[in-house]
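Indexing begins at 1, ligand by ligand and atom by atom, following the structure's order. Keep in mind it's a predicted model, so treat the numbers as computed, not measured.
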Amino acid sequence: MNTEQINKLKTKLEEEKTVLENDLKSVGHVNPENTGDWEATPVKQDIDGADENELGDKFETYEGNTAILKPLESRYNEVKKALGKITSGTGFGVCEVCQKTIESDRLEANPAASTCKEHMDVVTE
Ligand SMILES: [Zn+2]
C-alpha cells in the first residue's frame, strides 16, 4: 500500500466521518461526562406543533434514537480509529489478528477494516 493509496483511503474515511457525525448529531450528542461517547437525545413523545425540536417528528422515543445511534457510533469509532492509525503512521492496513497486510480490495470496500479477509469474522465489525 503506497502513500497515494493511503491518502485516497484517508479522504474516504474523513468523508465518512463527517457524514457519521452529522447523522449522530441528528439523534444524539456527545456525553459531556464521558468525552467521546455519544448518547441518544431523549425525544418527547408528545409531538406538539409548538415544539421547536424537529426530531420529535422523526423519532418517537429515546429508545428509537438509541437503536439508531448505536450502530452509527460503533462505525464512527472504527473510522476514527483507522484515521488515527493513518495519522500516527502505525498499524493502518495491518490485520489486528495476524499482523499481515490487509488486502487492498478489502480496504477499498471498507477503509476502516482492521482485519484481513481471513480474520474478518474474528473481530466484530
Ligand atoms: Zn489476519
Side-chain angles (χ1 to χ4, degrees):
M1 181 126 311
N2 63 37
T3 312
E4 193 189 332
Q5 285 173 308
I6 290 175
N7 281 338
K8 263 190 207 162
L9 295 175
K10 190 183 177 199
T11 305
K12 275 172 86 170
L13 284 165
E14 280 168 345
E15 284 168 1
E16 187 174 354
K17 184 168 171 261
T18 305
V19 171
L20 286 165
E21 270 169 358
N22 287 335
D23 287 350
L24 281 163
K25 279 176 195 161
S26 72
V27 290
H29 54 270
V30 176
N31 182 344
E33 286 159 29
N34 189 357
T35 313
D37 259 13
W38 290 78
E39 61 181 23
T41 303
V43 176
K44 286 174 195 164
Q45 281 197 291
D46 177 19
I47 300 170
D48 190 326
D51 187 350
E52 293 202 283
N53 186 353
E54 290 183 3
L55 291 171
D57 296 322
K58 291 181 191 165
F59 309 106
E60 289 187 327
T61 62
Y62 179 87
E63 284 71 25
N65 273 355
T66 304
I68 296 163
L69 185 131
K70 282 298 156 193
L72 285 173
E73 185 184 22
S74 63
R75 179 66 189 166
Y76 179 71
N77 286 336
E78 279 171 20
V79 167
K80 259 202 331 194
K81 194 171 150 193
L83 279 168
K85 285 178 182 174
I86 294 175
T87 307
S88 68
T90 52
F92 180 74
V94 177
C95 175
E96 288 185 350
V97 179
C98 66
Q99 311 298 317
K100 285 182 191 158
T101 306
I102 299 172
E103 296 86 351
S104 57
D105 58 337
R106 170 146 164 75
L107 285 169
E108 285 288 335
N110 176 14
S114 59
T115 52
C116 69
K117 286 180 188 171
E118 195 186 332
H119 298 112
M120 62 194 292
D121 297 325
V122 178
V123 178
T124 312
E125 289 188 47

Q | Cationic N near anionic O, under 4.0 Å, E15 to K12 | A | no
Q. Any Lys/Arg nitrogen of E73 or K70 sitting under 4.0 Å from an Asp/Glu carboxylate oxygen of the other?
A.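 Between K70 and E73 there is a salt bridge, with a charged N closer than 4.0 Å to a carboxylate O.
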Give a yes or no on whether [X] and [Y] share a hydrophobic cluster (residues Ile, Leu, Val, Met, Phe, Trp, Tyr; joining criterion: side-chain heavy atoms under 4.5 Å apart).
X   : Y   : value
V79 : L72 : yes
L13 : V19 : no
V94 : I6  : no

Q: Begin with the C-alpha distance, continue with both residues' side-chain angles, and end with the deciding distance and a verdict on side chain to side chain contact (heavy atoms under 4.5 Å, CB included) for K117 and D105.
A: CA-CA 10 Å; K117 286 180 188 171; D105 58 337; 2.9 Å; yes
Q) Excluding waters, which protein N, O or S atoms are within less than 2.8 Å of the Zn ion (ligand 1)? A) C95 SG, C98 SG, C116 SG, H119 ND1
